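What follows is a single structure, written as structure tokens, with notes after it.
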Amino acid sequence: MPELPEVETTRRGLEPHVVGRRITAVEVREPRLRWPVPADLSAALAGRRIDSLGRRAKYLLFATGDGTLLLHLGMSGSLRYLPGFEPPQAHDHVDICLEGGARLRLNDPRRFGSLHFARVAAEHPLLCDLGPEPLEPGFTADYLWRTARGRRVAIKQHLMNGRVVVGVGNIYASEALFRAGIRPTRPAGRIARARFPRLVDAVREVLAEAIGHGGTTLRNFVGGDGRPGYFRQELSVYERDGEPCKRCGTAIRRTVLGQRATYHCPRCQR
DNA sequence: CTAAGGACCTGTCGGC
DNA sequence: TGCCGACAGGTCCTTA
């Protein structure tokens, strides 16, 4: 489900509920997620106060004075704030229990999500080789051009490579390329340097706008407060196969690239 | 080194 | 109505 805007929406929704509160325990009903939930996770976190709720790529970072809880929502995960106990439903795999009886509940049908503990988050193996955040200053046209030089991989797959830039998933890769007027299949290294400023702006804009709308709700994504996002109606190409391009009217085309559904306007994008 | 494909899971939907 | 395959927002790992 979640791409960066959905994770950021979750982060913002949860932040006021968790910062400054202590974790009392982590209850794991199903440890078989993308990686096994560490058996000592609850012991590592119990009694620690959450100093901040941050985000790196699509990981939520619950920072305490002595170590950080990393949480990834995978493909189908959502994290909800419960003011008090409620009986767990199907796929409610983990609860992060807070002082006072509130809890954060992870629901994840496909179990591609994960939880980790790191003394220093940035040094965790899953975070230490990641590229820049797309909404931060390190993601520039010049940077992206340099990473693309000599690469034959399609630009869409290049954008979705977390070592290049994080947080650009399948929806927003298609959307950004539409805005930039670039065909998703174009080899990354065969895009003129002069086109990169527009591409970088497009990535930034589409992500920022989606965050502003509370994320994209496709099937049943809900943010930390349980409310859906409203970016879906803003999508220009994603899941619009056969529908008219909003700019030129040509039918949007669905193709498969790297085993992922890809959408583009054959006229506007070159 | 790059690039491509498989792997991990469950739920939903369309077609027969 | 029931079954079966295709497909779904992520990304790591293996193979060539």
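Order of the sequence lines sets the chain letters (A, B, ...), proteins ahead of strands, with each chain counted from 1. Heavy atoms only: backbone and side chains are in, while hydrogens, waters and symmetry mates are out. Just so it is clear, the structure is predicted and the values come from calculations on it, not from any experiment.
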Report the secondary structure of DNA chain B in dot-bracket form, marking unpaired bases with a dot and bases paired to a different strand with |, and treating Watson-Crick or G-U pairs with both distances under 3.5 Å as paired.
-> .|||||||.|||||||
A:Arg146: what forms a salt bridge (Lys or Arg N to Asp or Glu O under 4.0 Å) with it, not counting sequence neighbours?
-> A:Asp142
Residues that A:Tyr263 engages under ring-ring contact (aromatic ring centres under 6.0 Å, His included), provided they are two or more places apart = A:Tyr238
Sequence neighbours excluded, the answer for salt bridge (Lys or Arg N to Asp or Glu O under 4.0 Å) partners of A:Arg12 is A:Glu8
Listing, residues 121-130 of chain A side-chain donor-acceptor contacts under 3.5 Å, not counting sequence neighbours, or none:
residue: A:His124; atom: ND1; partner: A:Leu126; partner atom: N; Å: 3.0

Non-neighbouring partners of A:Glu243 that pass salt bridge (Lys or Arg N to Asp or Glu O under 4.0 Å), sequence neighbours left out = A:Arg240
First and last nt of DNA chain B near chain A, cut-off under 4.0 Å to heavy atoms, 5' to 3', are B:dT2 to B:dG11
Salt bridge present between A:Glu27 and A:Arg103 (N-O < 4.0 angstrom) | yes
Validation: residues 150-161 of chain A side-chain donor-acceptor distances under 3.5 Å, sequence neighbours left out:
residue: A:Lys156; atom: NZ; partner: A:Asn170; partner atom: OD1; Å: 2.7
residue: A:Lys156; atom: NZ; partner: A:Ala261; partner atom: O; Å: 3.4
residue: A:Lys156; atom: NZ; partner: A:Thr262; partner atom: OG1; Å: 2.9
residue: A:His158; atom: NE2; partner: A:Thr147; partner atom: OG1; Å: 3.0
residue: A:Asn161; atom: OD1; partner: A:Arg163; partner atom: N; Å: 2.9

Sequence neighbours excluded, which residues qualify as salt bridge (Lys or Arg N to Asp or Glu O under 4.0 Å) partners of A:Arg32?
-> A:Glu30
Salt bridge present between A:Glu133 and A:Arg55 (N-O < 4.0 angstrom) | yes
Would you please name every residue forming a side-chain contact (heavy atoms from CB on, under 4.5 Å) with A:Arg253, sequence neighbours left out?
-> A:Thr255, A:His264, A:Pro266
Describe the nucleic acid contact of A:Arg152 in one word from base, sugar-phosphate, nothing, applying a heavy-atom distance below 4.0 Å.
-> sugar-phosphate
With nearest nucleotides of DNA chain B determined for A:Val153 and A:Phe112 from heavy-atom distances, which residue corresponds to the more 5′ nucleotide?
-> A:Val153
Here the distance between atom C1' of C:dG10 and atom CD of A:Gln157, to the nearest Å, is 14 Å
Mind checking the P distance from C:dT14 to B:dC9? Whole angstroms is fine.
-> 16 Å
With DNA chain B as reference, determine whether A:Gln259 or A:Arg151 sits nearer its 5' end, using the nearest nucleotide of each.
-> A:Arg151
Which residue pairs satisfy the salt bridge (Lys or Arg N to Asp or Glu O under 4.0 Å) criterion with at least one member in residues 37-48 of chain A, sequence neighbours excluded?
-> A:Arg48-A:Asp66
With rounding to whole Å, what would you report as the distance between B:dG5 and C:dC7 at their P atoms?
-> 16 Å
In whole angstrom, give the distance that lies between atom OH of A:Tyr172 and atom P of C:dG10.
-> 10 Å
Integer angstrom distance from the P of B:dG6 to that of C:dA6 | 14 Å
Pairwise P distance, B:dA3 and C:dG9 [rounded to whole Å] | 22 Å
Nucleotides 11-16 of chain C: protein proximity per nucleotide (B base, S sugar-phosphate only, - neither; heavy atom, under 4.0 Å) = BB----
